[in-house]
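Lettering of chains follows the sequences in order, A, B, ..., and the numbering in each one begins at 1. Side-chain atoms are counted along with the backbone in the values below, which use heavy atoms only and exclude waters and symmetry mates.
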There are 2 protein chains.
Amino acid sequence: MKEQNIDIEEYTAIFKALAHPTRLTIAYNLMLKPECNVSKMCECLNIPQPTVSQHLSILKNAKVIVGHRNGNQTCYKVENLKVMRILKQIVSN
Amino acid sequence: MKEQNIDIEEYTAIFKALAHPTRLTIAYNLMLKPECNVSKMCECLNIPQPTVSQHLSILKNAKVIVGHRNGNQTCYKVENLKVMRILKQIVSN
DNA sequence: TGACAATATTCGCATATCGTAATATTCTTA
DNA sequence: TAAGAATATTACGATATGCGAATATTGTCA
């Protein structure tokens, strides 16, 4: 019998990162829009900046999002194709 | 601006349930096969029965799987369409 | 009913996660 | 270089999660 080559560890890490309302909201919105910086997220979510940065850090470690600095601000976006496929599934159902 | 009607809480619960290697493995395999009872899972996973039952309970509470008794054993399967769409995405990528 | 198989639940403890607060770092610009 | 804006990190107490061990429940069948 042929083994399905799904990487359980990888997907577990992704799901773990998405398993929080704030982080799922961030990831979901980042998938819809091109990218976003931190202070705009804080404003939209109405959540303190350190908390948002912590969540961003978790999403980043799980390879759900990537960030790049532009001057003194950091823009984040979703690039991981596996993550994008998952997030697109939950849109508009 | 129109609100996207995605239920963050619902998907958070689903992702939380799937965010564990054992549970993701169980859910993934249940999506591939028609259904499975507990002792067969214990055997395949090589994990003690109480631990498997605990994970099944978590998956059940998150509406990821449903179980029905057949005599003195319980068969579980994935019926939730949202969950199936997510799990199908992670197959064969 | 008694014994056994299959599954579920409870308990206790170790570890992980969450959120707030405080502080540190990085970058820009005067 | 000093000040301020934007972001990141650390510390810590409260709560949640994971797992093994023990036990309870449910169903079958002699």
| request: Answer yes or no: side-chain N or O of A:Q54 and base N or O of D:dA8 forming a donor-acceptor pair under 3.5 Å. | output: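 In this structure, the two groups form no donor-acceptor pair.
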| field | Side-chain donor/acceptor of B:Q73 to base of C:dA5, under 3.5 Å | value |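 It does not, because no donor-acceptor pair links the side chain of B:Q73 to the base of C:dA5 below 3.5 Å.
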Please give, in whole Å, the distance from [N] [atom2] to [X] [atom1]?
X: A:H68; N: C:dC27; atom1: NE2; atom2: C1'; answer: 15 Å
X: B:N46; N: D:dG20; atom1: CG; atom2: P; answer: 11 Å
X: A:N61; N: C:dA16; atom1: CG; atom2: C1'; answer: 15 Å
X: B:I47; N: C:dT7; atom1: CD1; atom2: C1'; answer: 16 Å
X: B:I26; N: C:dT7; atom1: CD1; atom2: C1'; answer: 13 Å
X: B:L59; N: D:dT17; atom1: CG; atom2: P; answer: 13 Å

| message | Between B:G71 and A:K40, which residue's closest nucleotide on DNA chain D lies nearer the 5′ terminus? | response |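 This one resolves to A:K40.
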| said: Between B:N70 (side chain only) and B:Q73 (backbone N and O only), is there a donor and an acceptor less than 3.5 Å apart? | reply: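 No; zero donor-acceptor contacts below 3.5 Å.
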Could you tell me whether the phosphate oxygens of [N], OP1 or OP2, come under 4.0 Å of any side-chain nitrogen or oxygen in [X]?
X: A:H55; N: C:dT17; value: no
X: A:K16; N: C:dT17; value: yes
X: A:S39; N: D:dA6; value: no
X: A:T74; N: D:dA8; value: yes
X: B:R69; N: C:dA6; value: no
X: B:Y76; N: C:dA6; value: no

Nearest to the side chain of [X], which nucleotide is it out of [options]?
X: B:N72; options: D:dA6, C:dA8, D:dT28; answer: D:dT28
X: B:Q49; options: C:dC18, D:dG18, C:dA8; answer: C:dA8
X: B:T51; options: D:dT9, D:dT7, D:dC19; answer: D:dC19

| request: Would you check if B:Y76 and B:V66 make a side-chain contact, meaning some heavy-atom pair closer than 4.5 Å? | output: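 B:Y76 vs B:V66: side chains apart.
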| task | Evaluate the side-chain proximity of B:C42 to B:I47: yes if any heavy-atom separation is below 4.5 Å, no if none is. | result |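 They are not in side-chain contact.
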| task | Decide yes or no on side chain to side chain donor-acceptor pair (under 3.5 Å) for A:S53 and A:Q49, but give the supporting numbers first. | result | CA-CA 6 Å; A:S53 275; A:Q49 176 270 318; 3.1 Å; yes
| Hey, which of these two, A:A19 or B:L56, hits DNA chain C nearer its 5' end, going by closest nucleotide? |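 Upstream on the strand: B:L56.
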| Under-4.0 Å salt bridge between B:E10 and B:K82 |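 So B:E10 pairs with B:K82 through a salt bridge.
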